[in-house]
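Everything below concerns the one structure shown next.
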Amino acid sequence: MADFMPAGVVPEARPLDDYADVIGRPQLAEIRNLARYVEGRTFQHVNSTAVGGGVAEILARLVPMMRDLGVDARWSVMEGDAEFFKATKAFHNALHGMLVPLDDSMFDAYERATERNRGLLQDCDYVALHDPQPAGLIEYRRDVRSKFVWRCHIDVSEAEARLWAFLRRRIERFDASIFHLPQYTKGLHIPQVLLPPAIDPLSEKNCDLPDHEVKSIVASHGIDPEKPMVLQVSRFDWLKDPLGVVEAFGIVRRWMECQLVLAGGSASDDPEGAEVLAAVLRRAEGVPDVHILSLPPDAHRTINALQRAATVIVQKSVREGFGLVVTEGMWKGKPVVGGSVGGIRYQLVHDVTGFLVHSPEGCAFRVRQLLADPERARIMGQRAQESVRERYLLPSYIRNWILVLLAMDRGPVPVNHL
Ligand code: UDP
């Protein structure tokens, strides 16, 4: 097992040259040139789960690729008890602007877990703490030469005021912060960099799969590979609105022969999964042709096959950081119908690379349109794929990370709009 990854995560490194067919040689050469400036530097990432959710998904690709470029990158996962994860899930929801009761015991649980993880930080040239969970570790920075960056993966634009004040005191001690989108930035007194995330086109989750394999994986889950399929892949989380998806599908199904697949798993830092899954199962009772798959965290090939088999992909979130599953669906040339929130709004250009919707009824309307018009769906999917190729693939993400590191080396220069 690699000692630079969390226990149980197997790095799937691909040499950068393998990406030539996807992004072209000139971009690869540019990345290699830039990487020379950070070769041999140490770079630690810290987050709160090794599997499940977008952050773990990104780190599992980013860390091995940075190592391939000569950066001594490592990934550590902080440990927490049930109380801590309950608190940080409530924080997550409240930062996304949901009305969630927060009490002192949650802030205490956060501080206790921060203290318990104080030994996690290594003396590295750069340290990235991802999202609110590990942000408190900034108190324990030891080596003044290390550069610390807070990498925010969520939409904090409507964050609950007391919680944001609590976090802000910590965040402003970092050397820089990174947000996905301009509207997520917060008027901090440290540099704020814009850097949307990316997917790895060669990973098991996103690589090409032969048709026969797609069909056989889909059939092995009891799904008819020949029947039109509407798919949502997500952790079972209220903010992903799985109940709204079932409701929308119920409307579509009255008019058309089709099936819904809701595929998801859980993340070790998300304690709400079982409750949401139970509610989804109850809501789907009596709705025909609904398949609910509870998948293990390493079901990347299965998710890849489902996304490739889907006729329409839905991501009906009511709050969203970026929505990597939307990027994944677009990359597979699929039309995506997404909730008009967070990063989904940024990725989908309405009626060009996908549809943005505001309600189950709106979602049903757009899904029906796409199921009824395969040519329109095909063209939309093609445009979606090209849009991902230009903006959201791992090599350019790495390039931008290197620029952030170099900018931090040069001191407190505002490094906006990468
Ligand atoms: N994912 C997964 N298994 C699941 C559900 C999701 O591997 O059961 C992956 C999904 O393919 C995507 C990531 O987890 O890569 C979810 O990222 P996103 O930004 O969409 O949402 P988050 O879970 O971070 O809120």
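Just so it is clear, the model here is predicted, and its values are computed rather than measured. One-based numbering, in listed order, for ligands and for the atoms of each.
In this structure, the side chains of F236 and E272 stay at 4.5 Å or more apart for every pair of heavy atoms.
Ranked by closest heavy atom to atom 20 (O) of ligand 1, the top entry among D298, L324, T302 is L324. Remark: among candidates G52, P197, G53, the nearest residue to atom 14 (O) of ligand 1 is G53, based on non-hydrogen atoms. Between the choices E328, E320, K240, the shortest heavy-atom distance to atom 25 (O) of ligand 1 belongs to K240.
Note: an N/O pair closer than 3.5 Å links R235 and ligand 1 by distance alone. At under 3.5 Å, a nitrogen or oxygen of G54, whether backbone or side chain, sits near a nitrogen or oxygen of ligand 1.
With hydrogens left out, the protein atom closest to atom 6 (C) of ligand 1 is V233 CG1, 4.0 Å, a heavy atom. Given atom 7 (O) of ligand 1, the protein heavy atom at minimum distance is K205 NZ, 3.0 Å. Closest to atom 10 (C) of ligand 1 among all protein heavy atoms lies V325 CG1, 3.4 Å.
Under the side-chain contact (heavy atoms from CB on, under 4.5 Å) test applied with P335, the options V367, I379, L370, I313 reduce to a single match, L370. With L28 as the partner, the side-chain contact (heavy atoms from CB on, under 4.5 Å) test is satisfied by one option alone out of V22, I23, D18: I23.
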Test side chain to side chain contact (heavy atoms under 4.5 Å, CB included) on D351 and R376 and set out the steps. CA-CA 10 Å; D351 206 7; R376 186 174 183 184; 3.0 Å; yes
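Ligand 1 places these atoms under 4.0 Å from at least one heavy atom of G323: 19 (O), 20 (O). Residue S234 approaches ligand 1 through these ligand atoms, each under 4.0 Å from one of its heavy atoms: 5 (C). The I303 neighbourhood of ligand 1 comprises atoms 2 (C), 3 (N), 4 (C), 7 (O), with distances under 4.0 Å to a heavy atom of that residue. Taking a cut-off of under 4.0 Å to the non-hydrogen atoms of G265, the atoms of ligand 1 that pass are 4 (C), 8 (O).
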Going by atom type alone, with no hydrogens or angles, which donor-acceptor pairs under 3.5 Å involve a side-chain atom of residues 94-108 and a protein atom two or more places apart or on another chain?
| residue | atom | partner | partner atom | Å |
| --- | --- | --- | --- | --- |
| D103 | OD1 | S105 | N | 3.0 |
| D103 | OD1 | S105 | OG | 2.4 |
| D103 | OD1 | M106 | N | 3.3 |
| D104 | OD1 | R162 | NH1 | 3.4 |
| D104 | OD1 | R162 | NH2 | 2.7 |

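A donor-acceptor pair shorter than 3.5 Å can be found between the side chains of D200 and Y19.
In the displayed structure, E79 atom CD is contacted under 6.0 Å by at most 12 heavy atoms of other residues, nucleotides or ligands.
In this structure, G264 has a heavy atom closer than 4.0 Å to ligand 1.
Note: N304 CG to E328 CD = 8.5 Å, rounded to the nearest 0.5 Å.
By the side chain to side chain donor-acceptor pair (under 3.5 Å) test, S76 is found to be paired with Q44, residues two or more places apart in sequence or in another chain being considered.
Contacts with ligand 1 closer than 4.0 Å are made by no heavy atom of L295, backbone or side chain.
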